[in-house]
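One structure is given here, and the rest of the page talks about it.
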Amino acid sequence: MPELPEVEAVRRSLDAVLTNARIADVDIRRPDLRAPFPRRFRSRLTGQTVRSLTRRAKYLLASLSSGETLVMHLGMSGSFRIESRGAAEPGRADDASEPDRHDHVVFHLSSGAIVTFNDPRRFGVMMLLTRDQLARHPVLSRLGPEPLSPDFDGAALARATRGKKTALKAALLDQRIVAGIGNIYACEALHVAALSPFRQASTIATPAGAPRAAAERLAAAIKGVLLRAIDRTSAPRYRSTRFRVYDREGEACPRSGCRGIIRRRSQAGRSTFFCPVCQL
DNA sequence: ATTGAGACCTGTCGGC
DNA sequence: TGCCGACAGGTCTCAA
């Protein structure tokens with residue numbers, strides 16, 4: 001599920017329960033996810049109050065009263081479930097649902113709310129970092145600009161891809177160039193911008209690194225695609241939507257006037273969906 | 001320095 | 001029905 005828009009939707013739903021909440025206890029049901037849990041994870045979280053819940057790229061950052069930051073990544077299959085324990089009637093079944101074998105971390109908040117992290121594939125990550133560790137983190141500190149921020153535009157994209165011989169789509173997936181885009185929205189944005197996923201990344205800029213029209217179009221397409229996805233994903237009645245090209249191999253290109261048929265090709269080990277007619 | 005392939009782990013889906 | 005391979009929205013590491 002989780003590229004930037006989905007992680008942002010998760011952040012919004014968690015924010016109301018978590019921000020200003022005190023962590024009463026934490027159940028850690030296994031020793032690791034993609035990486036082992038931090039040492040003394042439980043004791044370092046217990047008693048802390050969550051000051052804020054923000055997002056950077058596909059990471060969720062819960063800033064704690066201790067000064068440490070709980071950094072969470074959903075990997076490929078991570079999700080959170082929010083339940084409120086019916087503290088009122090003891091003896092009566094509360095609305096905490098059946099535990100699942102993939103419920104790995106359970107946060108018990110002093111409000112009575114229970115937040116459960118579920119992740120079947122266990123590609124998720126939880127880290128607990130000091131201010132210093134956060135600033136120096138080898139991955140987090142190298143993340144590229146947030147695509148929805150004002151400092152991400154055609155010029156920024158052109159600068160970041162300058163001289164890059166790699167394919168344009170691979171560049172979009174490189175979190176150091178722009179943060180938060182995954183396989184689906186890379187395909188979608190390239191289609192909106194009518195750019196081939198296979199063209200060399202550097203071709204959207206002049207040799208000096210100045211943006212060409214393609215860079216401006218691509219930056220705008222990225223913003224548009226992500227914004228629309230956030231709106232849809234955060235909507236009260238969320239329905240997983242179909243995409244323009246992703247997972248539509250063999251279907252007609254949705255661009256008006258284009259007669260192309262969407263194709264799928266494997267690129268750097270991932271499926272790329274594109275229209276061979278209008279994406280140049 | 002890049003870049004592709006493989007690994008991590010489980011679930012689901014289509015084909016036989 | 002059951003088994004098997006291919007594939008999945010993310011990252012990391014390693015060899016070329």
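Owing to the predicted nature of the structure, the values given are computational and were not obtained by experimental measurement. Throughout, protein chains are lettered first and strands after them, A, B, ... in sequence-line order, and every chain is numbered starting at 1.
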*Gap between atom CD of A:Gln133 and atom OG1 of A:Thr69 - 0.5 Å precision*: 10.0 Å

_Near-strand residues of residues 158-175 of chain A, defined as heavy-atom separation under 4.0 angstrom from DNA chain B_ = A:Lys164, A:Lys165, A:Thr166

*Going by an N to O cut-off under 4.0 Å, is there a salt bridge joining A:Asp32 and A:Arg30?*
yes

_Side-chain N or O of A:His73 versus OP1/OP2 of C:dT11: is the shortest distance under 4.0 Å?_
yes

*Does the pair A:Asp25/A:Arg42 count as a salt bridge with the N-to-O cut at 4.0 Å?*
yes

*Report the secondary structure of DNA chain C in dot-bracket form, marking unpaired bases with a dot and bases paired to a different strand with |, and treating Watson-Crick or G-U pairs with both distances under 3.5 Å as paired.*
.|||||||.|||||||

*Any salt bridge (charged side-chain N to carboxylate O under 4.0 Å, His left out) pairs touching residues 126-135 of chain A, not counting sequence neighbours?*
A:Asp132-A:Arg136

_Gap between atoms CZ and P, on A:Arg264 and C:dC7 respectively (whole Å)_ = 6 Å

_Let's see if you can work this out: which of C:dA8, C:dC12, C:dG10 has an atom nearest to the side-chain heavy atoms of A:Tyr59?_
C:dC12

*asked:* I need the CD-P distance between A:Gln267 and C:dG9, as an integer number of Å.
replied: 13 Å

Using a cutoff of under 3.5 Å, can you pull out all pairs of nitrogen or oxygen atoms linking the protein to nucleotides 13-16 of chain C, with atom names and distances?
none

*asked:* Give me the distance, rounded to whole Å, that separates B:dG6 from C:dA6 when you measure between the C1' atoms they each carry.
replied: 16 Å

Identify every side-chain donor-acceptor pair in residues 272-280 of chain A under 3.5 Å, counting partners at least two apart or on other chains, and give the distances.
residue  : atom : partner  : partner atom : Å
A:Thr272 : OG1  : A:Lys169 : NZ           : 2.8
A:Thr272 : OG1  : A:Gln267 : OE1          : 2.6
A:Gln279 : OE1  : A:Cys275 : N            : 2.7
A:Gln279 : NE2  : A:Leu190 : O            : 3.3
A:Gln279 : NE2  : A:Leu195 : O            : 2.9

*Do any pairs count as a salt bridge (charged side-chain N to carboxylate O under 4.0 Å, His left out) and have a residue in residues 175-202 of chain A, sequence neighbours left out, and if so which ones?*
A:Asp174-A:Arg176

_Selection: residues 119-134 of chain A, any non-hydrogen atom under 4.0 Å of DNA chain C_ = A:Arg121, A:Phe123

*Under 30°, 30 to 60°, or over 60°: which ring-plane class applies to A:Phe41 and A:Phe37, parallel, tilted or perpendicular?*
parallel

*Report yes or no: do A:Tyr185 and A:Glu6 form a side-chain donor-acceptor pair below 3.5 Å?*
yes

*Mind listing the residues from residues 180-204 of chain A sitting with a heavy atom below 4.0 Å of DNA chain C? Number order is fine.*
A:Gly182, A:Asn183, A:Ile184

*Measure the distance from CZ on A:Arg34 to C1' on C:dG10 and round it to the nearest whole Å.*
7 Å

*Backbone N/O of A:Gly78 and side chain of A:Arg121: donor-acceptor pair under 3.5 Å*: no

*Any side-chain donor near an acceptor of the partner, A:Gln48 and A:Ser65, under 3.5 Å*: yes

*Out of C:dG9, C:dC12, C:dT11, whichever nucleotide has its closest atom nearest the side chain of A:Tyr246*: C:dG9

*Provide, to the nearest angstrom, the distance between the CG atom belonging to A:Asp247 and the C1' atom belonging to C:dA6.*
14 Å

*Could you give the CG-to-P distance, from A:Leu33 to C:dT11, as a whole number of Å?*
15 Å

*Does a salt bridge link A:Asp247 with A:Arg264, judged by any charged N lying under 4.0 Å from a carboxylate O?*
no

*May I ask you to decide if A:Arg55's main-chain N or O and A:Glu146's side chain share a donor-acceptor pair within less than 3.5 Å?*
no

*Pairwise salt bridge (charged side-chain N to carboxylate O under 4.0 Å, His left out) hits with a residue in residues 153-167 of chain A, at least two apart*: none

_Spacing between A:Arg270 atom CZ and C:dG10 atom C1', to the nearest angstrom_ = 6 Å

*With rounding to the nearest 0.5 Å, note down the distance linking CG in A:Leu70 to CE in A:Met126.*
6.5 Å

*Residues that A:Asp27 engages under salt bridge (charged side-chain N to carboxylate O under 4.0 Å, His left out), provided they are two or more places apart*: A:Arg29

*Does anyone know the first and last nucleotide of DNA chain B in reach of chain A, 5' to 3', at under 4.0 angstrom to a heavy atom?*
B:dT2 to B:dG11

_Inter-nucleotide P distance (B:dC9, C:dC14), Å rounded_ = 16 Å

_Pairs satisfying salt bridge (charged side-chain N to carboxylate O under 4.0 Å, His left out), at least one member in residues 248-261 of chain A, at least two apart_ = A:Arg242-A:Glu251, A:Arg248-A:Glu251

_Does this structure show an ion pair linking A:Lys58 with A:Glu3, if we count only N-O contacts that are shorter than 4.0 Å?_
no

*When you check the side-chain N and O atoms of A:Asp103 and A:Thr116, is any donor under 3.5 Å from an acceptor?*
no

*In whole angstrom, give the distance that lies between atom CE of A:Met76 and atom P of C:dC12.*
13 Å

*Do A:Arg142 side-chain atoms and A:Gly144 backbone N/O form a donor-acceptor pair below 3.5 Å?*
no

